[in-house]
There are 2 protein chains.
Amino acid sequence: MRMDERKQKVLAAIVQDYIIGGEPVGSRSIARRYNLGVSPATIRNEMADLEEMGLLEQPHTSAGRIPSDYGYRYYVDCLMAPEELTAAEKEYIQRRYKQKMHEFEQMLEETARLISEMTAYTAVALGPNQKKAYLEQVQILPVQLSGKALLIAVTSTGLVEHRLFTIPDNTTEEDLQRLSKYLNDSLQGKVVEDIHRSILQDLYQEVIDQRELCNQVLEILRQVLALEGSKKIYLEGAFNILSQPEFKDLERVKKLLAFLEKEDALRRVFASTPEKGLSIRIGQENKHEGIDRCTVVTIDYNVEGKVAGKLGLLGPTRMQYSRVISVMNCIADCLSRSLQQFYR
Amino acid sequence: MRMDERKQKVLAAIVQDYIIGGEPVGSRSIARRYNLGVSPATIRNEMADLEEMGLLEQPHTSAGRIPSDYGYRYYVDCLMAPEELTAAEKEYIQRRYKQKMHEFEQMLEETARLISEMTAYTAVALGPNQKKAYLEQVQILPVQLSGKALLIAVTSTGLVEHRLFTIPDNTTEEDLQRLSKYLNDSLQGKVVEDIHRSILQDLYQEVIDQRELCNQVLEILRQVLALEGSKKIYLEGAFNILSQPEFKDLERVKKLLAFLEKEDALRRVFASTPEKGLSIRIGQENKHEGIDRCTVVTIDYNVEGKVAGKLGLLGPTRMQYSRVISVMNCIADCLSRSLQQFYR
DNA sequence: ATTAGCACTCGAGCCCAAAGAGTGCTAACA
DNA sequence: TGTTAGCACTCTTTGGGCTCGAGTGCTAAT
C-alpha cells in the first residue's frame with residue numbers, strides 16, 4: 001500500500017487531534033475539523049488502510065483510532081511542522097540563563113527545572129562525561145582549626161570534588177604541602193579515566209615517608225575520581241507525569257516512578273542515545289522496562305564545539321512533539337552559550 | 001464522660017487493628033480478637049462513647065469506626081506500647097553506618113534512605129543549621145590551567161562550599177594569595193550568621209588595591225555564606241506513599257507530591273518543630289496544606305551533645321507509630337554517634 | 001451494668017437496559 | 001474507479017435497580 005498525500009493528511013490530522021485531546025479520533029471529527037474535501041466514509045477507508053499499514057490502532061471496535069508508535073514515528077519524521085516558540089517564550093528562556101549561575105551543577109539543575117516547567121513533562125540533565133576530562137588541579141588543604149584536611153580535585157569541565165579527612169597524628173603541615181605538590185605535579189593535566197589504580201600505586205611507591213597519610217590520600221583520590229566518572233544526574237518534574245491521562249492507572253505510575261528512582265537505570269537510558277544532536281525514542285523503541293509507553297527525547301549540549309553532556313525529557317508517547325523539539329533546541333542552545341561564557 | 005480502663009482498651013484495640021488492616025473496625029471483630037470479656041454490644045456502647053468524645057469517627061453509618069486525629073494522639077500519648085526493634089534490625093542499622101561515609105552530606109543522604117527503607121514512608125534529613133556554625137577556613141586557590149580560581153569555605157559542621165570564578169586579567173597569583181590570607185585571618189572562627197554584608201564591606205574598605213578582584217570575591221563569599229544558611233535537605237522514598245491505600249485518590253497524591261517538590265515548604269514543616277528530641281504531628285496538627293491527613297515525625301540528631309539537625313518522616317496518620325518511633329530513635333542515635341566519630 | 005435480639009442504614013457488587021460513538025460493509029452514484 | 005450515503009453492528013459508558021453483607025443503635029430482658 002502506498003502512502004499518498006491524502007493518507008498523510010489524515011494521519012497528521014489524527015496525530016494532532018489525539019495529541020491535543022487524548023481521546024481516540026473518529027472519522028467524523030476529522031472531516032469536520034479539517035477541510036479535506038471528502039466525506040467521513042472516505043476518511044474511514046483511509047483510516048482502515050493506515051491501520052493495516054501499522055500506523056494507527058483501534059482500542060476497540062467502536063472507538064476512533066489512535067496513532068501507534070510507528071504512527072508517531074512517521075509523523076515526527078515526515079509530517080510534523082516545526083512549531084516556533086513565541087518571542088516571549090524565547091525571551092523567558094534566555095532570561096532564565098541571565099541570572100547569576102555560579103557553578104556548573106547549578107546550571108544543570110536549573111536547566112532541568114526549566115525544561116520540566118516549559119513542557120510539563122519530566123526533565124533530566126546529565127553532567128558531562130568526566131572520564132574524558134583532565135585534571136586541572138589536585139590540592140590538599142589543611143583545615144587549621146580541626147586537625148583535618150581537605151582534598152580538592154578540579155577537572156577541566158569545571159567540576160569540583162572535595163573530601164574532608166582526618167590527618168594522621170604525626171603529620172606536619174609541611175608533609176601535607178609536599179604531598180599536595182607532588183600529587184598535583186604528577187597528575188595535573190592527566191585525563192581522568194587514565195588515572196587508574198596502577199598509576200596511583202606508582203605514586204605510592206615513590207613517596208616513601210608518611211605511609212599512613214599517603215595511603216589515606218591515595219584511597220580518597222581514587223574514590224573521588226571514580227565518583228567523577230559517574231555523571232551526576234538532575235531530575236525535575238517527576239510528578240508531572242501524574243497529570244497525564246495515560247497515567248491514571250496507579251500500577252503504571254508506580255512502575256514508572258520506580259524506574260525514575262533508580263539513578264543508574266536513568267543514566268543508562270538517557271546517556272545511551274548514540275545519535276548526535278536531537279534524538280527521539282518513541283514507545284517501544286525504548287528498551288527499558290517501565291517506559292515502553294513513553295517517549296524519551298534527548299539533546300546534546302556543547303562546550304567549545306564539543307559535545308559535553310545531554311539534556312533529556314520523558315513524557316507519554318502522546319507528546320507535543322513539535323513544541324518539545326523547539327523547547328529542547330532552544331534550551332540546549334542557551335545552556336551551551338551560557339557554559340561557553342562560563343568557561344570563556 | 002470519663003476515660004475508664006475499658007474505654008482505653010477498646011480505643012487501643014481499634015487503633016491497632018486499623019493501623020494493621022486499614023479498614024474501619026467493627027465491634028464484633030474487637031470482641032473476637034481481644035479478650036475483653038464483654039459482648040459486641042457492650043463494645044458498641046463504648047465505641048459510641050469514644051466517638052462522642054471525639055476519639056473515633058465513622059465513615060458512614062453502617063461501617064466500623066476509625067480513629068480520629070485525637071484518637072491517634074491519645075493512643076500515642078497514653079496507650080501505645082513501645083515496640084522494640086529486633087536485634088537483626090538494630091544490627092542492620094548499625095551496619096549501614098559502619099560502611100565508609102566520607103562526607104557529612106553523604107551521611108545525611110544515606111540516613112534518609114535508611115529511614116525510608118525501614119519504614120516504607122517518606123523520609124527527610126535536614127542538614128545542621130549553618131548559621132550558628134563558625135568558619136573554619138576560607139581560602140582562594142588558583143587553578144593553574146584555566147585562569148580561574150576556587151573559593152573554598154569550610155565550616156565547623158564539616159560542610160564545604162566552593163565556587164569557581166574567573167580571575168580578573170591583571171591579577172597575579174600573589175594578589176590571590178594575599179587576599180586569601182587576609183580573608184582567612186579576618187573571618188576564621190567567626191560565626192556564619194555574624195558575617196553580614198557590613199563586615200564584608202569593612203574588609204572591602206581595607207583592601208585598597210585589586211578592586212575588581214576584591215569586589216568579585218566578596219560578592220561570591222556573601223553568596224556562598226548565604227547558601228550555607230539555607231540548610232540542605234535530603235528527601236527519600238517520596239514514591240512510597242503511592243503504596244498507601246489512603247492515597248488511592250490521585251488528587252490527593254498530586255497535592256502531596258506538589259508539597260514535596262517545594263523545598264522551602266518542606267524545610268519549613270520539618271525544621272519548625274520546637275520540641276527537643278522526638279516530635280509527632282498528627283493530621284491536622286500539621287498546619288501546612290496538603291499534609292493535613294499525614295503524620296510528621298521528626299527527631300533531633302546531636303553532635304557533641306548539641307542539637308545539630310533533624311531527621312523527619314512523613315506518612316499517613318494511619319502509621320505504625322510504635323515501630324516508627326523505635327526506628328527513628330535508633331537511627332538518630334546511630335547517626336549522632338557516627339557524626340561524633342566523624343568529628344572526633 | 002450487660003447483653004441478646006432486631007430493625008435499620010449504607011456501601012459494594014452485579015445485572016441490565018439505553019444511549020452514544022464509531023465502525024465496516026454494501027450499493028448507488030459520478 | 002473512486003466517493004459517498006445509508007445502515008446494521010459492535011462496544012463502551014452510564015445509570016437504575018437489585019441483593020447481600022457488615023455494622024450499627026435501640027429496646028427490652030437479665
Side-chain angles (χ1 to χ4, degrees), chain A residues 1-11 13-15 17-18 20-68 71 245-246 248-249, chain B residues 1-11 13-15 17-18 20-68 71 245-246 248-249:
Chain A
M1 192 145 356
R2 287 222 9 107
M3 190 73 178
D4 58 23
E5 196 182 339
R6 197 172 62 194
K7 280 193 176 45
Q8 291 190 333
K9 277 187 184 162
V10 170
L11 178 57
I14 290 175
V15 173
D17 271 25
Y18 185 62
I20 294 171
E23 278 174 6
V25 185
S27 54
R28 243 184 85 84
S29 62
I30 296 281
R32 212 183 318 117
R33 289 166 37 80
Y34 297 81
N35 278 350
L36 301 186
V38 290
S39 75
T42 309
I43 293 179
R44 276 206 290 282
N45 289 332
E46 298 288 24
M47 283 162 87
D49 289 351
L50 287 167
E51 182 170 359
E52 201 180 328
M53 293 163 78
L55 298 169
L56 293 181
E57 283 169 1
Q58 216 172 359
H60 53 264
T61 333
S62 71
R65 301 300 208 292
I66 62 176
S68 70
E246 23 271 286
K248 263 180 298 192
D249 176 20
Chain B
M1 190 138 4
R2 289 221 7 105
M3 189 74 178
D4 59 22
E5 196 183 337
R6 196 171 63 194
K7 280 193 176 46
Q8 290 190 334
K9 276 187 184 161
V10 170
L11 177 58
I14 291 175
V15 173
D17 272 25
Y18 185 62
I20 294 171
E23 279 174 6
V25 184
S27 54
R28 244 184 84 83
S29 62
I30 298 282
R32 212 184 319 116
R33 289 166 38 79
Y34 298 82
N35 279 351
L36 302 185
V38 290
S39 76
T42 309
I43 293 178
R44 274 205 291 283
N45 289 332
E46 298 287 26
M47 283 162 87
D49 290 352
L50 287 168
E51 182 169 358
E52 201 180 327
M53 293 162 77
L55 299 169
L56 293 181
E57 284 170 359
Q58 216 170 0
H60 54 263
T61 332
S62 71
R65 302 299 208 292
I66 62 176
S68 70
E246 22 272 285
K248 262 180 298 191
D249 176 19

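Chain A is the first sequence line, chain B the second, and so forth, proteins listed ahead of strands; every chain is numbered from 1.
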Please tabulate, one pair per line, each protein N/O and nucleotide N/O from nucleotides 17-19 of chain C that are separated by under 3.5 Å, including the distance.
none

Rounded distance (nearest 0.5 Å) linking atom [atom1] of [X] with atom [atom2] of [Y]:
| X | Y | atom1 | atom2 | result |
| --- | --- | --- | --- | --- |
| A:Lys7 | A:Asn45 | NZ | CG | 9.0 Å |
| B:Asp4 | B:Asp49 | CG | CG | 8.5 Å |
| B:Glu46 | B:Gln8 | CD | CD | 11.0 Å |
| A:Arg44 | A:Glu51 | CZ | CD | 14.0 Å |

For this session: Indicate yes or no for a side-chain donor-acceptor contact from A:Ser68 to the backbone of A:Leu55 under 3.5 Å, with no hydrogens or angles considered.
Result: yes

Problem set entry | Contact list for residues 21-40 of chain B, test salt bridge (Lys or Arg N to Asp or Glu O under 4.0 Å), sequence neighbours left out |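 Counting only pairs at least two positions apart or across chains, the salt bridge (Lys or Arg N to Asp or Glu O under 4.0 Å) contacts touching residues 21-40 of chain B are B:Asp17-B:Arg33.
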
Exercise. What pairs with A:Gln58 under side chain to side chain donor-acceptor pair (under 3.5 Å), at least two apart in sequence or on another chain?
Worked result: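 Side chain to side chain donor-acceptor pair (under 3.5 Å) list for A:Gln58, sorted by chain: empty.
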
Using every non-hydrogen atom in the two residues, find where [X] and [Y] come nearest and quote the distance to one decimal.
| X | Y | answer |
| --- | --- | --- |
| A:Ile30 | A:Ile14 | CD1-CG1, 3.7 Å |
| B:Pro59 | B:Gly64 | CD-O, 3.4 Å |
| A:Tyr18 | A:Pro67 | CD2-CD, 3.4 Å |

[atom1] of [X] versus [atom2] of [N]: gap in Å, rounded?
| X | N | atom1 | atom2 | answer |
| --- | --- | --- | --- | --- |
| B:Lys7 | C:dA1 | NZ | C1' | 12 Å |
| A:Ile43 | D:dG2 | CD1 | P | 17 Å |
| B:Asn45 | C:dT2 | CG | P | 9 Å |
| A:Glu23 | D:dT13 | CD | P | 10 Å |

For this session: Could you tell me whether the side chain of A:Ile66 reaches within less than 4.5 Å of the side chain of A:Leu56, counting heavy atoms only?
Result: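 They are not in side-chain contact.
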
Problem set entry | Close residues, residues 47-67 of chain A, relative to DNA chain C [heavy-atom separation under 4.0 Å] |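 Listed by number, they are A:Met47, A:Gln58, A:Thr61, A:Ser62, A:Ala63, A:Gly64, A:Arg65.
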
Problem set entry | Short N-O contact, A:Glu57 and A:Arg65, less than 4.0 angstrom | no

Seminar exercise, completed: Of B:Val38, B:Thr42, B:Ile43, B:Val15, the one forming a side-chain contact (heavy atoms from CB on, under 4.5 Å) with B:Val10 is B:Ile43

I'd like a list of close polar pairs between nucleotides 5-8 of chain C and the protein, N/O only, cut-off under 3.5 Å.
unit_1	atom_1	unit_2	atom_2	d
C:dG5	O6	B:Arg44	NH2	3.4

Exercise. Would you say A:Thr42 reaches D:dT4's phosphate, i.e. side-chain N/O to OP1/OP2 under 4.0 Å?
Worked result: yes

For this session: Using heavy atoms and a sub-4.0 Å distance, could you list which residues of residues 27-35 of chain A are near DNA chain D? By number, please.
Result: none

